[in-house]
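Please read the structure below before turning to the comments.
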There are 4 protein chains.
Amino acid sequence: MSGIWGNNLRLSIFGESHGKGIGIVINGLPMGLEIDLELVDKEMKRRAPGRNKISSQRKEEDSFEIVSGYFNNRTTGTPLCAIIYNKDKKSQDYDKIKNLLRPGHADYTGYIKYEGFYDYRGGGHFSGRLTAPLVFAGAIAKQILIKKNICFGSHILSIGHVQDDIFDLVDIDDSVIDYLIKKDFPVINDERGKEMMESIEKVRLEEDSLGGIIETAILNLQAGLGEPFFDSIESKLSQLLFSIPGVKGVEFGKGFEITRLKGSQANDEYYIKDGEVMTYTNNNGGILGGITNGMPVIFRTAIKPTSSIGIKQRTVDIKHMKNSEIEVKGRHDPCIVPRAIPVVEAVSALSILDLLME
Amino acid sequence: MSGIWGNNLRLSIFGESHGKGIGIVINGLPMGLEIDLELVDKEMKRRAPGRNKISSQRKEEDSFEIVSGYFNNRTTGTPLCAIIYNKDKKSQDYDKIKNLLRPGHADYTGYIKYEGFYDYRGGGHFSGRLTAPLVFAGAIAKQILIKKNICFGSHILSIGHVQDDIFDLVDIDDSVIDYLIKKDFPVINDERGKEMMESIEKVRLEEDSLGGIIETAILNLQAGLGEPFFDSIESKLSQLLFSIPGVKGVEFGKGFEITRLKGSQANDEYYIKDGEVMTYTNNNGGILGGITNGMPVIFRTAIKPTSSIGIKQRTVDIKHMKNSEIEVKGRHDPCIVPRAIPVVEAVSALSILDLLME
Amino acid sequence: MSGIWGNNLRLSIFGESHGKGIGIVINGLPMGLEIDLELVDKEMKRRAPGRNKISSQRKEEDSFEIVSGYFNNRTTGTPLCAIIYNKDKKSQDYDKIKNLLRPGHADYTGYIKYEGFYDYRGGGHFSGRLTAPLVFAGAIAKQILIKKNICFGSHILSIGHVQDDIFDLVDIDDSVIDYLIKKDFPVINDERGKEMMESIEKVRLEEDSLGGIIETAILNLQAGLGEPFFDSIESKLSQLLFSIPGVKGVEFGKGFEITRLKGSQANDEYYIKDGEVMTYTNNNGGILGGITNGMPVIFRTAIKPTSSIGIKQRTVDIKHMKNSEIEVKGRHDPCIVPRAIPVVEAVSALSILDLLME
Amino acid sequence: MSGIWGNNLRLSIFGESHGKGIGIVINGLPMGLEIDLELVDKEMKRRAPGRNKISSQRKEEDSFEIVSGYFNNRTTGTPLCAIIYNKDKKSQDYDKIKNLLRPGHADYTGYIKYEGFYDYRGGGHFSGRLTAPLVFAGAIAKQILIKKNICFGSHILSIGHVQDDIFDLVDIDDSVIDYLIKKDFPVINDERGKEMMESIEKVRLEEDSLGGIIETAILNLQAGLGEPFFDSIESKLSQLLFSIPGVKGVEFGKGFEITRLKGSQANDEYYIKDGEVMTYTNNNGGILGGITNGMPVIFRTAIKPTSSIGIKQRTVDIKHMKNSEIEVKGRHDPCIVPRAIPVVEAVSALSILDLLME
């Protein structure tokens, strides 16, 4: 039942990578909303492959068609369905390696779970391509949130061993976000950005891949958003972030580092500034007891290296149950991290909007 | 609405730290189940304070009373409600500091969210004490899962800067779990365990606190459990793990470290062993595409240092909106990590059981 | 999983008739609400048995204890749990007839569903007594709704063959509700009320029972409440109404009678009155397309005769699988209809509040 | 949020009558299921208009396209999305009467709820056309259920004042269902069927309309299905039945009539037949305590007369807020009852399947 999510804004996703199409039904959108489709398109393009050397050379156009819930250029308030029809499919690529489990992918787990009935082509329903409808929905959510001044900014904190500067947990403001959103390869330190791109180009030539960490800030969230326990900000965000294929870790504020501090260092002490309660530090990433405290919400998402690599790997032929080898040829991203950024931001926007609608 | 969780096994928690009691309603338990109440009690005691120097000297007895759903020593199949009545309360402790926001706690966010109506005493509904009902439910879940051979084992991977040995992601087996469960302070490397306890004793005397990381293994999960996207194993586990007060990071398999590997290193290659599909490595922590692959499921949970410390801290008097100071005196845990282990395991057991019932 | 209900206001009920107690956890109540506990108590008493000859002579005191979510006489906004401890239990009554299926009750279906593990005493979790927590929650919901002027009124439309006057579907107003709420045996036509009471007294002496129909009006609902399809007003109300033990039919507006009209008679034509859109008739009971149109919402609920009767009935001994006979002696209501009224109103209030919170 | 339904089988519907299309996403279908698309088509045709004189002369082809979740002629186990693209649309018909509220329709309530943003053409999202996706899903559910021998049969119990014979609540068997399914106009008593058709033809010529009652039987349901309280069989069925546009009443077993019986008449007494527990009567319609008892489940659904009629009606011009008149010309069904039968059966099948998957 995992294709449906949300308490107030409710999403239902569907589709397979090489089927007729992929899509989403969004319940609970406010009515009368004029969607800026160009902005949606721009977000879709941030995720789309084929933009440059460091991403897959596939040309998925990702052009969505709104089937329902949108009338006279405004949301109706009833379920909005959007479909992205699959075009640039090379399904025969997959038939050849149909029985060979691609390491790092869901081929084996999908095979076991769905007893061989699932659409194995291009990862089927497990494909990263299923994040496109989430980006679509997230782009709408962002448009609603920006009216409340809530905005999302991310940078590539690391690619492999190359590290960007870290966000200032306290002093980050909208200008940083404006700065990052304009960049094709969003880093704070351009020197490091160049190194990252070089290391990606290097593994591309080796037919290998790299992963990395995305650091995201949500700004201008009022204090008091979120719920104790099961719908804490961290719970909501992490549930969706871990839905993104390839994510293996999520941390908030100082994250794992906070465990190396003493309480007297980790606690964010309070003071009053211009009649507002503020904290001197922001080790908790703007969240206490699952609820926002008005400081920037900061989190990090670990993305594993792209599973599809051309290098020969040991694997198993699941049909004949014997050891084998595989080389996953084709047009793969040597590093998925830049394309994952709009997805991370989209699910964040969806989580925040769902909580705001509580 | 965050007090209700689950698709098939559905929990509803309630209560405040210093109110009449805390409790849980569990829907969806199988009928006819004879609960080993001693085992439940044992799990409750693992979480309970007052056991030794490193935990709070409060004596919460945490004795639960089953109100419904249990008849003739067996579950009836209808909702099981259990209540833990609050006893050893010193609510006046809190009245004194009622308007002083305790740094690191949910005092401020609770105040804002509930507009001053919430029960501020001892954290109210935000209290770590609310994890006791989860341990109760988790202890029942564990009893159901062990019949399928599924078991849970954890150790303290680190306290502050002191690091235990890491689990072998591939070769871990039930004997490790048996070894750890017997220990009052579960570490693999006893030398390091001693160092950890010493550092905890040190901060206790300083009226400061420490955090740490818990590493958990779930063994003998069959391949094919979990769902793509919103109910992935990682999504389900992280949602509940981040519900636990003080958790700031969650990672699976190699976690954040996997971002420093190349795809050719990170991918877990397959081979056949005794007619079973296995992987040589387990960097993905037993989960691919959100679904178990039959290898051990391994994850790490970052717990921040206890927020309650005796050291003087800067804060704000929320009623008079002025800067102030606070010393949180009382019987606090200098390090909550050991007591958090049964909670981490409990929510893991609940997540797995919910998915198994799909 | 049927013990949990609601999208925004979420209820979790638990308990058995002869166990330790019955109760409810209410999620989503607004914070800072001062509950008029006397009004709650009054609603509880409307449902409670033992008030007069026509109801059971059991004295269930139905005194509830609020365990959580209520602090300084106000709701905290966190889950509110209330428990009614069972007192006047005569469980041995039930042990004698333990294996004899009481006709009309859930003994057989409960036995099959829960494989003999359920608490058979007094109907266990199936007991009508489980409606007491619903009345508790409904009484709170009513207090919230009355602030928006929304009120609920019901009368006994029929007992057996004796019929009260029907509500005027268009002209009903608050004065009718004020009139009915004060009556112990709420009917419009007192002559018919007397006849009803006589017929109840007659079957009581025969150790038999009677059923009847309750007609309910919800007044001052603004137009535009409800949702198309699965959360239509009719869907929401009927789901909860059919949760009440003994309900076998629900109809809105003209209900089944509307099928005998032509479209030109059934359609409620519009006109403008004092700047408001009104309808001349109200055959649709204030609901079109699942959504309120501002006219009174009127519905009827059919309650079957009390299943517990002293008269000898044919039945089966389920343990020995042989035909047998049963006389259900004890303190039974010869007619449950008057006591069902506050339950019908309670679930209506809960449904409406849940929709209003959308 | 009313576009999503179900606990285990989860549906998400979308679309508007005159938009691009209408559709459904079905989560939770078993994998590897070969859908008999011809049977699906046959069910769709039972609902489709244009089949004969007594139904609308519109030719909606209702041909569905499966977008996802179906691979190599089998369900994959992942979300199945099907779309019916709208073809034979005459939207200009509606532009003319755009501001005139059609009595009996959701024009006014939709206008208020969605503040004028909803797609008013042909009822938009409120259109009866939205039941086509439900019939699609129901046809799949039926195919799954028939493997467990569970089948659904309905007849037209009444049209206006003309009454068919009533089902035998006890002795009904599969042969009755076989008999009814073959009939274009399913009645038990053909004489009465002819009268019904004549009365429909009569109102058609008058440009008026008729309603009626559908009686449905679900056969071969094992005892023990359903849940106490919120997911009782009656609750589940009624929630979906009242989702169908035009339904104003639902009753089970004897329904409203049971209120005229005494307990000694209403109670279904037990006996043993061939080692099975049976009841002599079936006044409770196969359901006790919300759970099946193994007897046929019988219920009745009241369908109001078609709201669209050519006869002049008084109404309001909502834009100019003045009294007006309307004649709803076009191709309307003089009686929707026969076309509603497959919808009633579809939602019944979906409810039962959802409960069976519990």
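Sequence lines set the chain letters: A, B, ... in the order given, protein chains first and strands last, and positions in each chain run from 1.
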Under 4.5 Å, counting heavy-atom pairs only, tell me which of B/Thr292, B/Asp268, B/Leu130, B/Leu101 racks up the most with chain A. B/Leu101
May I ask you to check whether A/Phe126 and B/Phe229 place their ring centres under 6.0 Å from each other? no
Heavy-atom pairs under 4.5 Å with chain B are the metric here; pick the option from A/Leu237, A/Val277, A/Ile13, A/Ile213 that has the most. A/Val277
Examine whether an atom of A/Ile309 lies under 4.5 Å from a heavy atom of chain B, and if so say whether it belongs to the side chain, the backbone or both; otherwise answer neither. side chain
Looking at B/Val250, B/Ile258, B/Leu210, which makes the most heavy-atom pairs under 4.5 Å with chain A? B/Val250
Largest heavy-atom contact set with chain A, pairs under 4.5 Å, which of B/Glu115, B/Lys312, B/Lys254, B/Arg300: B/Arg300
For B/Ser324, is it the side chain, the backbone, both or neither that has a heavy atom under 4.5 Å from a heavy atom of chain A? neither
Under 4.5 Å from any heavy atom of chain A, what part of B/Tyr280 do you find: side chain, backbone, both or neither? side chain
So for B/Pro228, is it side chain, backbone, both, or neither that comes closer than 4.5 Å to the heavy atoms of chain A? both
Stepwise salt bridge (charged side-chain N to carboxylate O under 4.0 Å, His left out) check, A/Glu234 with B/Lys248: CA-CA 8 Å; A/Glu234 294 110 322; B/Lys248 296 310 274 188; 3.1 Å; yes
Relative to chain A, which segment of B/Tyr114 carries a heavy atom at a distance below 4.5 Å: side chain, backbone, both, or neither? side chain
With a 4.5 Å heavy-atom cut-off, do A/Val316 and B/Met278 have their side chains touching? no
How close do A/Glu251 and B/Phe256 get, counting heavy atoms only, and between which atoms? CG-CZ, 3.4 Å
Part of A/Thr279 lying under 4.5 Å from any heavy atom of chain B: neither
Checking B/Ala223 against chain A: side chain, backbone, both or neither under 4.5 Å from a heavy atom? both
When heavy-atom pairs shorter than 4.5 Å are enumerated against chain A, which of B/Gly104, B/Ser238, B/Gly289 gives the highest number? B/Ser238
Distance in Å, A/Lys262 NZ paired with B/Ser199 OG, rounded so as to fall on 0.5 Å steps: 9.5 Å
I need the minimum non-hydrogen distance between A/Ala302 and B/Gly255, along with the two atoms involved. CB-O, 4.4 Å
Relative to chain A, which segment of B/Thr306 carries a heavy atom at a distance below 4.5 Å: side chain, backbone, both, or neither? backbone
Given heavy-atom pairs under 4.5 angstrom as the criterion, report whether the side chain, backbone, both or neither of B/Ile311 touches chain A. side chain
B/Val203, part contacting chain A, at a heavy-atom distance under 4.5 Å: side chain
When the 4.5 angstrom heavy-atom criterion is applied to A/Val162 and chain B, the contacting part is neither
To the nearest 0.5 Å, what is the distance between CD on B/Gln239 and CZ on A/Phe230? 8.5 Å
Engaged part of B/Val347 at the chain A interface, taking heavy atoms whose separation is under 4.5 Å: neither
For B/Thr109 and A/Asn293, test the side chains for any donor-to-acceptor distance below 3.5 angstrom and give the result as yes or no. no
Let me confirm one number: the OG-CZ distance from B/Ser232 to A/Phe242, rounded to the nearest 0.5 Å. 8.0 Å
In Å and rounded to the nearest 0.5 Å, what is the CD to CD distance from B/Glu269 to A/Glu325? 9.0 Å
Portion of B/Ile287 that has a non-hydrogen atom of chain A nearer than 4.5 angstrom: both
For B/Ile318, is it the side chain, the backbone, both or neither that has a heavy atom under 4.5 Å from a heavy atom of chain A? side chain
Could you look at B/Gln222 and say if it's the side chain, the backbone, both or neither that has a heavy atom under 4.5 Å from chain A? neither
If you tally heavy-atom pairs under 4.5 Å against chain A, which of B/Gly246, B/Gly110, B/Gly211, B/Gly285 wins? B/Gly211
Heavy-atom pair of closest approach, residues A/Pro305 and B/Leu261: CG-O, 3.1 Å
Donor-acceptor pair, B/Lys113 side chain versus A/Gly226 backbone, under 3.5 Å? yes
Supply the atom-to-atom distance A/Arg102 CZ to B/Leu288 CG, rounded to the nearest 0.5 angstrom. 11.0 Å
Among A/Ser307, A/Ser209, A/Ser308, the one residue meeting side-chain contact (heavy atoms from CB on, under 4.5 Å) with B/Asn267: A/Ser307
Of the backbone (N, CA, C, O) and the side chain (C-beta and beyond), which part of A/Leu241 lies under 4.5 Å from a heavy atom of chain B, both, or neither? neither
For residues B/Tyr270 and A/Pro103, report the shortest heavy-atom separation together with the two atoms involved. CE1-CA, 3.8 Å
Please identify, among B/Thr131, B/Ile112, B/Thr315, the residue contributing the most non-hydrogen atom pairs under 4.5 Å to chain A. B/Thr315
So how far is it from A/Asn323 CG to B/Ile272 CD1, rounded to the nearest 0.5 Å? 5.0 Å
